[in-house]
Amino acid sequence: MAELRLEQVRKVYRSRGRAVEAVKGIDLAIQDGEFVALLGPSGCGKTSTLRMIAGLETITSGRIYIGDRLINGLEPSQRDVAMAFESYALYPPLTVRENIEFPLKARRVPPDERRRRVERVAEMLQLGPILDLKPAQLSGGEQQRVSLARALVRNASVLLLDEPMSHLDPRLRFQMRLHLKELLQEISTTTIIVTHDQLEAIALADRIAVMNNGVVEQFGDRNELYNRPATIFVADFVGEPPTNFVRCALTSVNGELAFRSQDGAICLPPPHRLRASLRDRLGQEFVLGIRPQDMAIATPKPACDPYHLPGRITFVEWIGEETHVTVEAGQATLIVVMGAEDYFEEGQQVDVTFPEEALHVFDPESGRAL
Ligand SMILES: Nc1ncnc2c1ncn2[C@@H]1O[C@H](COP(=O)(O)OP(=O)(O)OP(=O)(O)O)[C@@H](O)[C@H]1O
């Protein structure tokens with residue numbers, strides 16, 4: 001157990017004379033026993049970050065601390081970090097039991113203690129029936145669970161999981177998530193999981209670092225990412241369906257500030273919390289973001305709520321427990337999530353409403369929330 005701290009960590013790869021800056025000076029402070037997910041699209045630098053913490057990749061610049069120890073120069077074996085790989089990395093000649101036991105033997109853990117720890121983790125990950133098989137006899141999902149078991153059994157200060165469930169079928173994935181969460185709560189090891197699956201990140205992690213293009217766009221818990229997205233990227237990447245975005249100019253209508261789309265179909269007052277700071281930005285463009293789950297369709301039009309948009313339903317899709325309704329408001333297309341029991345018809349004129357706090361305002365240049 002230990003705190004893990006990354007300060008201005010960068011990774012530049014050189015391949016065929018070209019420099020690729022995969023990680024662009026990230027800062028992360030992960031508390032002792034905390035479970036953090038690195039979430040982001042393919043190529044955003046998640047695995048590079050993890051491999052630098054594990055010592056499998058050199059750190060181009062910056063500092064990584066585990067507790068008070070600066071680990072930049074330490075060999076992987078000196079770092080007290082355990083890692084489970086997406087690509088398993090099991091030892092082919094050893095049985096599953098021997099694979100899991102291997103890191104304990106290397107650390108001279110007594111046989112009784114070894115057996116107890118292997119059995120505990122094997123039970124958690126449902127590996128009992130395959131303990132005497134060799135990796136070549138296992139399915140991809142089974143190999144992945146063995147790799148996870150081998151990392152968990154060590155009780156290292158820091159546990160790193162790189163897409164540890166990507167090869168499991170959805171049902172097993174669900175079960176593994178439950179077991180993993182339970183097990184990690186019990187051993188309370190500082191853990192980082194890399195995933196591009198936001199459901200996995202949300203279900204497992206205490207906090208999520210959303211990465212894009214080598215930088216951490218936001219580091220926060222689920223509520224912060226949903227209710228106060230720091231950037232356009234986070235508002236777009238986290239949440240399903242993605243946030244609705246509309247580009248508007250800040251204008252003055254009858255002496256009051258208003259965000260107005262180019263065709264005039266959208267005209268909304270800025271949220272109260274931003275009004276004072278927006279006074280001197282008249283004429284500038286902004287990106288407005290509203291989550292589909294924060295919107296509702298009201299018929300008839302609400303009497304005095306300023307946060308409503310008149311539009312026309314163009315598409316209705318029933319998805320299990322939700323109905324996704326597409327509404328056109330002038331040239332803007334908005335998706336609204338309603339309940340499965342709500343009934344709407346294409347062509348219907350409606351009003352889309354939402355609470356003031358659901359309106360997120362972003363600077364189009366920096367992409368950052370105001
Ligand atoms: N050894 C390497 N040499 C050159 N470029 C690399 C190397 N490893 C990674 N990269 C590049 O660095 C960037 C980040 O890669 P990284 O694997 O860290 O991203 P990722 O977010 O983990 O992606 P994925 O989810 O696809 O695994 C990518 O552009 C990748 O092509």
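The figures here come from the full heavy-atom set of this structure, side chains too, leaving out hydrogens, waters and symmetry mates. Just follow the structure's listing: the first ligand is 1, and inside any ligand the first atom is 1.
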- Does Gly45 reach ligand 1 with a nitrogen or oxygen that is under 3.5 Å from one of the ligand's nitrogen or oxygen atoms? yes
- Would a hydrophobic clustering, with Ile, Leu, Val, Met, Phe, Trp and Tyr connected at side-chain separations under 4.5 Å, put Val337 with Leu359? no
- Report yes or no: do Val361 and Leu250 belong to one cluster of Ile/Leu/Val/Met/Phe/Trp/Tyr joined by side chain heavy-atom distances under 4.5 Å? yes
- For Gly40, is the nearest heavy atom under 4.0 Å from an atom of ligand 1? no
- Find all atoms of ligand 1 within a distance of less than 4.0 Å from any non-hydrogen atom belonging to Ser48, and give their numbers and elements. 15 (O), 16 (P), 18 (O)
- Would you say Thr47 and ligand 1 have an N/O pair spaced under 3.5 Å apart? yes
- Message: Please state which option from Ala22, Ser42, Pro41, Ser15 has its nearest heavy atom closest to atom 24 (P) of ligand 1.
- Response: Ser42
- Query: So, for Phe286 and Phe259, is the gap between ring centers shorter than 6.0 Å?
  - Reply: yes
- According to a 4.5 Å side-chain heavy-atom criterion applied to Ile, Leu, Val, Met, Phe, Trp and Tyr, with indirect links allowed, do Leu125 and Leu104 form part of one hydrophobic cluster? yes
- Task: Show which atoms of ligand 1 fall inside a sub-4.0 Å distance from at least one heavy-atom site of Cys44.
- Result: 19 (O), 20 (P), 21 (O)
- Counting heavy atoms only, name the option from Met52, Glu57, Lys46 that's nearest to atom 25 (O) of ligand 1. Lys46
- Task: Within a distance under 4.0 Å of any heavy atom of Gly43, pick out the atoms of ligand 1 and give their elements.
- Result: 13 (C), 14 (C), 19 (O), 20 (P), 21 (O), 23 (O), 24 (P), 26 (O), 28 (C)
- For atom CD of Gln262, decide whether the heavy atoms of other residues, nucleotides or ligands shown that lie under 6.0 angstrom number more than 12. no
- Message: Ignoring hydrogens and geometry beyond distance, is a side-chain donor-acceptor pair present between Glu34 and Thr190 at under 3.5 Å?
- Response: no
